[in-house]
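First up is the structure itself, then whatever we jot down about it.
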Amino acid sequence: MTKRILVTGASSGIGLAQARLFLEKGYQVYGVDQSEKPDLQGDFHFLQRDLTLDLEPIFDWCPQVDILCNTAGILDDYKPLLEQSAQEIQEIFEINYVTPVELTRYYLTQMLEYKRGTIINMCSIASNLAGGGGHAYTSSKHALAGFTKQLALDYAEAGIRVFGIAPGAVKTGMTADFEPGGLADWVASETPIKRWISPEEVAEVSLFLASGKVSAMQGQILIIDGGWSLK
């Protein structure tokens with residue numbers, strides 16, 4: 001049976017790598033992003049949609065999924081609290097936390113009817129460390145990690161598998177502004193493996209979690225940070 005998967009942030013970065021890999025493995029992929037449709041081959045369906053707006057059009061378009069990948073997220077330029085406005089903080093939380101919660105609320109209802117389903121939240125090393133982002137990003141990712149763990153505990157007996165992935169420095173469109181010779185080189189030098197992580201490497205972790213081969217795992221947040229959090 002072909003499994004249906006919804007990936008948010010599917011036009012670039014980790015979301016694009018996830019969508020591409022799942023398509024290659026024969027999944028039916030529904031991708032949502034505010035940017036334009038990516039050029040992908042296979043059973044791919046796309047909706048261009050701002051995830052901070054009403055989510056009902058997404059539910060009408062894709063009413064049921066087997067796997068939900070809450071991947072979309074935004075950074076905050078590493079700003080401390082006094083450099084962030086209340087509106088900026090709200091916007092960060094809206095996309096990084098509130099949207100994943102509301103998407104999960106809807107699709108979890110469908111999953112419970114079938115007593116199966118997998119939810120994968122894109123956390124971050126900033127989910128349990130400071131310095132992976134600014135105040136709003138770090139706080140929102142901490143919140144997403146807490147949501148992931150509580151959701152996993154509450155619905156484990158119902159057959160719903162919930163995981164998080166916590167990447168470190170991933171080379172995506174969000175980090176493309178880090179100029180070589182500056183912050184980009186510093187991040188690589190500070191990472192024990194001495195390089196950035198590719199979106200494809202994070203996608204492989206997603207595929208592993210979605211495969212159903214790890215049925216005894218529940219609520220884990222898998223770190224893929226090149227050893228950053230070991231320091």
Side-chain angles (χ1 to χ4, degrees), residues 7-9 12-15 17-18 33-34 50-52 68-104 119-153 162-179 182-193 195-199 201-203 205-206 209 219-231:
V7 179
T8 64
S12 63
I14 295 172
Q18 287 175 320
D33 202 299
Q34 65 179 356
D50 184 337
L51 288 165
T52 64
L68 171 62
C69 286
N70 286 313
T71 304
I74 51 176
L75 292 170
D76 62 358
D77 296 327
Y78 295 87
K79 293 179 180 178
L81 174 61
L82 297 183
E83 294 179 16
Q84 291 177 336
S85 67
Q87 181 178 351
E88 287 174 325
I89 294 169
Q90 183 174 348
E91 289 172 353
I92 295 290
F93 265 83
E94 185 72 28
I95 190 66
N96 289 357
Y97 177 73
V98 176
T99 293
V101 169
E102 292 308 312
L103 287 171
T104 299
I119 298 164
I120 302 173
N121 294 323
M122 195 56 59
C123 298
S124 166
I125 56 170
S127 292
N128 64 341
L129 298 172
H135 159 263
Y137 182 82
T138 298
S139 299
S140 67
K141 290 298 184 177
H142 269 65
L144 186 62
F147 168 65
T148 300
K149 294 174 184 178
Q150 190 65 50
L151 189 73
L153 179 64
V162 184
F163 305 104
I165 300 176
V170 180
K171 204 65 175 175
T172 69
M174 286 200 306
T175 58
D177 291 336
F178 296 170
E179 294 294 335
L183 184 58
D185 287 353
W186 178 84
V187 169
S189 68
E190 288 295 310
T191 302
I193 63 172
R195 65 172 177 84
W196 287 67
I197 299 154
S198 73
E201 289 174 303
V202 182
V205 177
S206 309
L209 294 174
Q220 282 80 9
I221 298 177
L222 275 65
I223 298 171
I224 175 169
D225 67 355
W228 185 282
S229 57
L230 295 174
K231 301 184 295 179

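As the structure is a computational prediction, the values presented were derived from the model and not from experiment. Counting from 1, the numbers follow the sequence of the chain as shown.
- The two residues Asp76 and His135 come nearest to each other via the heavy atoms OD2-N, 3.5 Å.
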Walk me through it: do Leu68 and Ile120 pass the test side-chain contact (heavy atoms from CB on, under 4.5 Å)?
-> CA-CA 6 Å; Leu68 171 62; Ile120 302 173; over 6 Å; no
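- For the side-chain contact (heavy atoms from CB on, under 4.5 Å) criterion with Ile119, the lone passing option out of Leu103, Leu209, Asn70 is Asn70.
- Nearest approach of Pro192 to Gly227, heavy atoms of both residues: CG-O, 3.2 Å.
- Contact annotation: the side chain of Pro100 never approaches that of Met122 to less than 4.5 Å [non-hydrogen atoms, C-beta and beyond].
- Side-chain atoms of Lys141 do not come within 3.5 Å of backbone N or O of Gly132 as any donor-acceptor pair.
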Could you go step by step and tell me if Cys123 and Ile165 meet the side-chain contact (heavy atoms from CB on, under 4.5 Å) rule?
-> CA-CA 5 Å; Cys123 298; Ile165 300 176; over 6 Å; no
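- Here Ile221 contributes atom CD1 and Phe163 contributes atom CZ; the two are 11.5 Å apart, rounded to the nearest 0.5 Å.
- A donor-acceptor pair under 3.5 Å is absent between the side-chain atoms of Thr71 and the main chain of Val7, judged by distance alone.
- Proximity of a side-chain donor or acceptor of Ser140 to a complementary backbone N or O of Asn96 within less than 3.5 Å is not detected.
- A donor-acceptor pair is defined here as one N or O able to donate and one able to accept, closer than 3.5 Å; no such pair exists between the side chain of Thr138 and the backbone of Ala130.
- For the pair Asp225 and Thr191, the tightest heavy-atom approach, listed with the atom from each and the gap, is O-CG2, 3.7 Å.
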Evaluate the criterion side-chain contact (heavy atoms from CB on, under 4.5 Å) for residue pair Val98 and Thr52; output intermediate values, then yes/no.
-> CA-CA 9 Å; Val98 176; Thr52 64; over 6 Å; no
Output, in order, the C-alpha distance, side-chain angles, deciding distance and verdict of side-chain contact (heavy atoms from CB on, under 4.5 Å) for Gln90 and Gln84.
-> CA-CA 10 Å; Gln90 183 174 348; Gln84 291 177 336; over 6 Å; no
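- For the atom pair Ser229 OG and Ile125 CD1, the distance stands at 7.0 Å (nearest 0.5 Å).
- Environment of CD in Glu190: crowded, with over 12 heavy atoms of neighbouring residues, nucleotides or ligands closer than 6.0 Å.
- Between His142 and Ala126, the closest heavy-atom pair is ND1-O, 2.8 Å.
- Between the side chain of Asp77 and the main chain of Lys79, no donor-acceptor pair closer than 3.5 Å is present.
- Atom NZ of Lys231 is separated from atom CG of Leu129 by 10.0 Å, given to the nearest 0.5 angstrom.
- Interatomic distance, CD1 of Ile74 versus CD1 of Ile95, reported as 6.5 Å (0.5 Å rounding).
- A salt bridge between Glu201 and Arg195 is present, with a side-chain N of the basic residue lying under 4.0 Å from a carboxylate O of the acidic one.
- Note: Leu144 CG to Ser139 OG = 12.5 Å, rounded to the nearest 0.5 Å.
- No donor-acceptor distance shorter than 3.5 angstrom exists from the side chain of Ser206 to the backbone of Gln18, with no hydrogens or angles considered.
- Nearest heavy-atom pair across Val170 and Ser198 is CG1-C, 4.0 Å.
- In this structure, the separation between CD on Glu88 and CD1 on Ile92 is 8.0 Å, given to the nearest 0.5 Å.
- Taking each heavy atom of Gly219 and Ala152 in turn, the nearest pair found is CA-CB, 3.4 Å.
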